[in-house]
Amino acid sequence: MNRRVRVRFAPSPTGPLHIGGVRTALYNYLFAKQNGGDMLLRIEDTDSARFVPGAEDYIVEALNWLGITIDEGVGVKQPGKHAPYRQSERKAIYRKYVDQLLDAGLAYIAFDTPVDLEAKRAEIANFQYDAKTRGLMANSLTLPADEVKARIERGEQYVVRIKIEPNEEIKVQDLIRGEVVINSSVIDDKVLFKSSDELPTYHLANVVDDYLMEISHVIRGEEWLPSAPLHVLLYRYLGWTDVMPEFAHLPLLLKPDGNGKLSKRDGDRLGFPVFPMNWKDAKTAETSSGYREAGYFPEAVVNFLALLGWNSGTEQEIFSMQELIELFSLDRVSKSGAKFDYEKGKWFNHKYLQSKPLEEVADLFQHILIGKDIVEDSEKVKKIVELVRERANFITDLWEQSSFFFIAPTTYDEKTVRKRWKDETPEQMQELIQLLDGIEDFSVENTEEIVKEWIAAKGYNMGGIMNAFRLSIVGEGKGPHMFDIISLIGKQETTARLQKAIEILALN
RNA sequence: GGUCCAUUCGUCUAUCGGUUAGGACGCCAGGUUUUCAUCCUGGAAAGAGGGGUUCGACUCCCCUAUGGACUACCA
């Protein structure tokens with residue numbers, strides 16, 4: 001079948017979008033764009049009880065930040081011809097299909113309350129609502145028609161369940177896993193619709209919407225694989241087999257340590273973000289950290305995520321979104337779950353930080369400086385960033401690497417002092433002050449030449465002088481080339497810092 | 001418990017019957033450097049186990065083990 005590629009990302013607004021969901025969205029997007037198709041965003045809010053305000057906006061903003069653009073649906077100015085794209089707003093649409101199934105005898109009404117079901121589960125081991133047990137329950141298959149009618153009229157709550165015929169091999173063709181076969185006897189008569197809120201459950205809403213929205217490919221997490229046969233059956237029951245989308249079930253993102261699927265809690269526990277952006281929980285007032293606020297570039301997050309479960313088959317590791325769109329393919333998606341390796345994520349960001357235009361990085365750093373009430377000439381900031389960025393993984397690391405350019409040290413790293421500040425040092429530094437004070441041209445080349453000549457002439461030890469010099473200027477034994485530093489902070493600041501170091505360190 | 005999916009270095013992965021099993025992150029060592037990083041070079045590090053099929057299996061099949069998902073009037 002040759003039809004337009006249309007995929008959807010269909011999250012449930014029960015909280016912030018988590019990184020696994022982001023990857024699902026990304027793969028959908030890459031697939032759609034590669035095939036010149038459409039990417040839809042549909043909000044699956046059929047569970048009124050779990051709805052979280054703000055979650056939808058969060059999802060839209062996160063996708064936007066990452067550069068995963070939506071062509072149709074929620075978050076788009078002109079949502080599209082299949083509006084609305086929020087399932088809660090599509091109530092009226094689903095009822096029709098529920099009735100169609102009911103009329104055809106492919107679904108039935110069940111009155112069993114959660115309490116009844118609980119009791120049955122306690123009573124019968126491995127209880128499942130299916131062909132074997134539905135005869136024991138209170139439903140339109142066991143109750144006389146007039147009683148069913150009466151109960152409904154009385155306002156009794158009910159659900160509509162799919163009627164699964166037992167003992168049939170249901171085949172699902174999966175683009176990643178090949179053919180998956182399941183016996184219909186192990187599928188239970190899933191609830192399709194609940195009268196309590198007049199809303200369908202995921203299974204029905206999902207199939208109906210995918211059909212109506214002309215979805216060609218369903219690309220979703222592996223957790224859906226077990227219910228895929230049910231969905232196949234639903235397409236059949238509804239008479240839509242010929243336009244059933246193709247399925248691709250993505251491997252899961254697993255915890256970096258131990259076992260299990262990566263969860264929201266792992267972020268706090270292991271100290272790295274599992275969300276694209278910060279999220280403030282309205283109830284607990286807790287904030288979960290996000291990649292954006294942690295200093296990640298969206299390109300790095302996309303690149304990192306793209307390679308968690310997919311590879312190009314080459315040894316290339318750095319890909320732009322455009323390259324990913326060109327190269328992505330579902331048959332190079334791996335089948336097994338991927339443990340989430342945060343260290344590699346850092347490396348990706350490091351790579352992007354190095355390859356970004358200097359102006360862009362400097363501009364981002366300026367914002368951090370402003371936040372610290374530091375006002376500095378942009379040309380100078382650019383030079384500083386140029387000197388220190390290779391040692392940073394994140395924009396936020398830049399401060400730690402360069403703070404001494406802006407603020408003179410007030411304390412001196414103890415270990416470095418012990419190692420680098422000798423008895424003869426104060427006198428040497430005093431001489432250095434004199435020397436520097438006499439230099440007119442404070443350029444890197446000039447100061448370096450003069451100081452080195454002085455060291456040689458005096459017969460001093462190069463390392464001894466330079467390390468003490470560094471300690472005085474930086475406050476510890478780190479940082480870029482000394483002459484680069486002093487040329488940026490200037491003569492006056494340099495000599496002042498030396499003077500101060502001599503005074504303070506003399507007290508030890 | 002049941003059903004389904006999966007299984008190559010610690011991690012992400014390449015390999016689509018014949019390779020010294022390759023790359024990347026991380027780790028270790030060396031080099032560069034006035035320091036710390038960066039960077040460069042090198043190194044250690046893998047086919048879960050057992051049966052088949054085959055001239056030949058990481059690769060195909062079966063069993064076992066292990067991991068994971070699902071098993072709600074949640075998605």
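As a basis for the values below, the full set of heavy atoms in this structure was taken, side chains included, without hydrogen atoms, waters or symmetry mates.
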Expressed in whole Å, how much space separates the [atom1] atoms belonging to [N] and [M]?
| N | M | atom1 | result |
| --- | --- | --- | --- |
| B:G67 | B:A72 | C1' | 25 Å |
| B:C74 | B:U15 | C1' | 41 Å |
| B:A14 | B:C25 | C1' | 15 Å |
| B:A24 | B:U41 | P | 9 Å |
| B:C62 | B:G43 | C1' | 40 Å |
| B:A57 | B:A75 | C1' | 43 Å |
| B:G49 | B:C58 | P | 10 Å |
| B:C36 | B:G23 | P | 30 Å |

side-chain hydrogen bond (donor to acceptor under 3.5 Å, both in side chains) between A:His249 and A:Glu223, worked out:
CA-CA 8 Å; A:His249 290 92; A:Glu223 69 268 30; over 6 Å; no

Looking for any heavy atom pair under 4.0 Å, which part of the strands does [X] touch: base, sugar-phosphate only, or nothing?
| X | answer |
| --- | --- |
| A:Arg389 | nothing |
| A:Asp112 | base |
| A:Lys346 | nothing |

Return the value, rounded to whole Å, for the distance between atom [atom1] of [X] and atom [atom2] of [N].
| X | N | atom1 | atom2 | value |
| --- | --- | --- | --- | --- |
| A:Met462 | B:U35 | CE | C1' | 13 Å |
| A:Ile485 | B:C36 | CD1 | P | 14 Å |
| A:Phe127 | B:A72 | CZ | P | 10 Å |
| A:Ile455 | B:U34 | CD1 | P | 11 Å |
| A:Asp209 | B:A75 | CG | P | 13 Å |
| A:Asp130 | B:G2 | CG | C1' | 12 Å |
| A:Asp210 | B:A75 | CG | P | 15 Å |
| A:Lys415 | B:C36 | NZ | P | 11 Å |

Would you please indicate yes or no on a ring centroid separation below 6.0 angstrom for A:Trp279 and A:Tyr58?
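Ring-ring flag for A:Tyr58/A:Trp279: true, centres closer than 6.0 Å.
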
Going by purine N1 to pyrimidine N3 plus the second Watson-Crick contact, or the G-U wobble pair, all under 3.5 Å, which nucleotide sits opposite [N]?
| N | value |
| --- | --- |
| B:G67 | B:C5 |
| B:U54 | none |
| B:C25 | B:G10 |
| B:U35 | none |
| B:A46 | none |

Please determine, by modelled atom types, if [X] and [Y] share a side-chain donor-acceptor pair under 3.5 angstrom.
| X | Y | result |
| --- | --- | --- |
| A:Ser334 | A:Ser336 | no |
| A:Thr113 | A:Asp116 | yes |
| A:Arg332 | A:Asn311 | yes |
| A:Asn167 | A:Asn183 | yes |
| A:Asn349 | A:Tyr291 | no |
| A:Tyr202 | A:Asp47 | no |

Using a 4.0 Å heavy-atom cut-off to protein, can you give one letter per nucleotide of nucleotides 3-14 of chain B, 5' to 3': B if the base is in contact, S if only the sugar-phosphate is, - if neither?
SSSSS---BSSS

I'd like to know if A:Arg391 reaches the base of B:U38 with its side chain such that a donor and an acceptor end up less than 3.5 angstrom apart.
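Per atom types, no contact qualifies.
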
hbond_proxy A:His481 side chain to B:U33 base (donor-acceptor, 3.5 Å cutoff):
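Side chain to base: no pair below 3.5 Å.
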
Candidates B:A75, B:U38, B:U34 - which lies nearest the side chain of A:His350:
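Closest nucleotide among those given: B:U38.
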
Would you indicate, yes or no, if B:C74 has its OP1 or OP2 atom less than 4.0 angstrom from a side-chain nitrogen or oxygen of A:Thr46?
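No.
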
Given B:C73, is OP1 or OP2 found less than 4.0 Å from the side-chain N or O atoms of A:Arg161?
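So the side-chain polar atoms of A:Arg161 do come within 4.0 Å of the phosphate oxygens OP1 or OP2 of B:C73, strictly under.
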
Whichever of A:Gly479 and A:Tyr158 has its nearest RNA chain B nucleotide further upstream toward 5'
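Its nucleotide being nearer the 5' end, the pick is A:Gly479.
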
State whether A:Tyr97 and A:Arg95 meet the cation-pi test: NZ (Lys) or CZ (Arg) under 6.0 Å from the six-membered ring centroid, and within 45° of the perpendicular axis.
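Because its charged atom misses either the 6.0 Å distance or the 45° angle limit, A:Arg95 does not stack over A:Tyr97.
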
